[in-house]
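Working notes, structure below.
Remember, it's a predicted structure, so these values are computed and weren't measured experimentally.
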Amino acid sequence: MSQNIKKSFVTNSKQTTYNAVPGTVGGELNAQQLEVVRTIDGPVLVVAGAGSGKTRVIEYRVLHFIQSGIQPENILLLTFTKKAAQQMLSRASRHDVRCGLVHGGTFHSFAYRILKKYSVQSGLGEFFIIDESDAEEAINICSAKFDTNGKDKRFPRKDTLRKVFSMVVNKNMSVEDILDKEYPQFLKYSFQVEAISQEYKKYKKSKGYLDYDDLLVYLRNLLEKNNDIRKELSEQYKYIMVDEYQDTNKLQSDITYFLARDHKNIMIVGDDAQSIYGFRGASHENIMDFPERFPGCKIIKLETNYRSHQPILDVANAVLKNMKNKYSKELYSYNKEHGDRPELLFFTNTNAEAGWMARKVKSMAAEGMDLKYQAVLFRYAYISIPLQLELNRLRIPFQLFGGMKFYETAHVKDVLAHLKALVNFKDELSWLRMLTLLEGIGPKTASGIVKDINNANNFDEAVKSILCSANRKKSYSTALFELVNFLKTAQAAEGSVSEQFEALLEYYNPIMQYKFDDARDRMNDLKVIKRISADYKSTPDFLADFALDSPDKGAFSGHENMLTLSTIHSAKGLEWDVVFLMGLVEGVLPVSFSLDDEDSIEEEHRLFYVGITRAKKHLFLCAHYEGTMMGQSQFNRISRFVDSENVLSKVKQEAVY
């Protein structure tokens with residue numbers, strides 16, 4: 001069978017097809033895709049709208065290059081996952097086995113390969129790659145050389161330090177600026193953190209270690225400073241393609257530029273409207289500035305969407321219209337079936353929102369829309385806590401992406417342990433958990449104190465036994481006295497679960513601040529549980545429902561037909577027939593800490609667009625009126641991304657109480 005590609009054109013104002021020989025897979029390309037495939041020389045920016053078939057385009061572009069006489073070893077495909085490169089090249093190989101010889105992989109794997117070849121010129125010699133876990137241990141070793149564990153200090157942990165050092169490299173910012181923006185509670189330690197950063201660099205160099213960020217740094221420096229090697233690589237990789245370019249950081253953008261600077265045969269594929277990983281160091285500006293780095297760049301827009309019905313795309317287009325700093329585009333559906341108009345629903349509070357959503361999911365499943373084809377998306381996992389409870393109550397199996405199920409997290413277990421001890425002073429497991437949270441008390445000491453508590457006949461005697469322990473040992477007496485004060489305050493508020501929870505949060509907050517570097521995010525979980533507790537008249541009832549509604553860990557094991565709950569970040573690249581977007585209010589989406597930064601607001605805007613474009617057939621946008629801010633009740637304002645004439649005109653609005 002001939003390997004030559006046969007071209008056929010269908011007369012249509014929007015669509016042209018590009019067919020492979022009979023028997024090949026994925027043969028059709030529309031006019032825009034065909035233009036990308038057939039453009040060989042010069043810089044090309046492909047603005048690939050959501051669901052526009054960019055994988056197919058890269059597949060056929062590789063095939064077209066090979067069958068145009070370009071050698072596989074002269075083609076380089078850079079992606080963000082090994083799986084993505086393998087998928088594209090394996091698809092192309094089905095048409096022509098030579099496509100499997102194309103060099104494809106991640107930026108990091110490519111960097112490793114080049115640095116191994118030119119290790120001497122890079123100033124490295126022999127080197128070894130350390131993963132994130134090893135990097136954290138190395139940072140821990142470096143931290144031990146400094147006074148970071150003083151009596152009154154709450155210093156960032158090794159995993160947080162690794163994240164800070166990585167952001168310093170990828171965002172090209174100082175340690176102080178990163179701490180100020182991401183971890184303000186540690187800003188006062190910026191001098192020590194900077195010192196550890198420098199020690200970490202020395203340590204790696206002495207051991208011949210490179211972490212993931214170092215791979216990019218050394219490759220960029222090699223290409224920038226050694227013209228002979230840069231030209232040699234440019235001569236080898238005469239045709240370069242980069243996927244998901246909107247997710248590149250400054251280092252990756254520079255590497256791309258230096259590789260293609262001489263021949264300029266570079267194609268990048270990406271969607272500026274889906275640039276949502278700024279927190280990892282990705283820069284939206286890279287895709288926007290590409291035409292400036294490569295003058296004469298040809299821009300091709302892929303606007304045919306093969307995923308969603310047009311009414312959903314009408315909402316997506318309205319969101320695009322409201323965006324700033326963008327490439328203008330308009331998505332239109334390949335699917336001729338018109339589909340339902342997306343719905344915007346308003347609820348009194350999060351419980352009402354969760355209750356309606358769970359019932360709707362169940363009813364749609366009963367009508368034939370299996371759970372595995374439905375998803376609930378949100379900005380942060382804590383938003384879904386009321387929904388998780390409701391799904392558990394209705395025995396609807398679900399899987400959560402972008403965070404642990406809230407009842408499995410350490411901070412939730414901590415606060416529940418305190419409530420359980422108030423209800424049952426003989427709850428040994430809860431006392432052990434509570435006591436080992438306190439500074440100076442380990443498992444052995446906690447067991448001794450619990451032994452005394454077990455000899456008590458009532459709650460008051462249990463409290464007295466704790467006081468006796470406090471008086472015996474000064475090293476942890478203060479912590480025990482504070483625990484006793486909380487217990488007495490909470491016991492006095494026995495008639496109100498919400499008041500007990502308020503006292504508990506006030507007591508636990510300093511412990512949480514010490515225990516977790518991401519205490520701010522965890523507090524959101526606890527505030528949601530506090531709101532739920534307000535619906536109960538007794539703590540035992542609240543704890544009983546919590547225990548009964550949280551499914552046994554094996555209850556749904558092997559259950560393939562499950563509802564998906566996911567953060568929008570984790571849902572990127574995926575799709576479902578039915579999508580619910582929940583918590584569309586100011587302070588949630590956009591998230592509160594982005595409100596004073598225009599770039600952050602725009603990234604939140606793009607996140608909303610990504611959420612919308614995951615839906616194929618049905619889209620529900622959900623918001624609730626009642627909320628809290630800084631512990632105070634308030635009326636929510638609907639998300640600014642929804643509250644615009646462009647968007648509101650494309651949805652069906654309904655109030656559900």
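- A side-chain donor-acceptor contact under 3.5 Å links T436 to the backbone of L432.
- Both tests do not hold together for R606 against Y609: distance to the six-membered ring centre under 6.0 Å, angle to the ring axis within 45°.
- Taking each heavy atom of Y212 and E132 in turn, the nearest pair found is CE1-CG, 3.9 Å.
- Applying the side chain to side chain donor-acceptor pair (under 3.5 Å) test to every pair with at least one member in residues 307-320, sequence neighbours left out, gives these pairs: R307-E575, H309-N335, Q310-D314.
- Under the ring pair (Phe, Tyr, Trp, His ring centres under 6.0 Å) criterion, Y382 pairs with no residue, sequence neighbours left out.
- T304 OG1 to L331 CG: the interatomic distance, rounded to the nearest 0.5 Å, is 9.0 Å.
- Partners of F425 according to the ring pair (Phe, Tyr, Trp, His ring centres under 6.0 Å) rule, which considers only residues two or more places apart in sequence or in another chain, do not exist here.
- With hydrogens and angles ignored, the 3.5 Å screen pairs a side-chain donor or acceptor of S90 with a backbone N or O of Q87.
- For Q653, the side chain to side chain contact (heavy atoms under 4.5 Å, CB included) partners two or more places apart in sequence, or in a different chain, are L344, F346, L648, V651.
- Considering only residues two or more places apart in sequence or on other chains, L574 meets the side chain to side chain contact (heavy atoms under 4.5 Å, CB included) condition with W576.
- Looking at Y183 and D517, their side chains never bring a donor and an acceptor atom within 3.5 Å of each other.
- Taking the six-membered ring where the residue is Trp, F580 and W356 present perpendicular rings, their angle passing 60° and hence far from 30°.
- Legend: salt bridge (charged side-chain N to carboxylate O under 4.0 Å, His left out) pairs involving residues 441-462, not counting sequence neighbours, sorted by first then second residue: D452-R472.
- A donor-acceptor pair is defined here as one N or O able to donate and one able to accept, closer than 3.5 Å; no such pair exists between the side chain of T106 and the backbone of K82.
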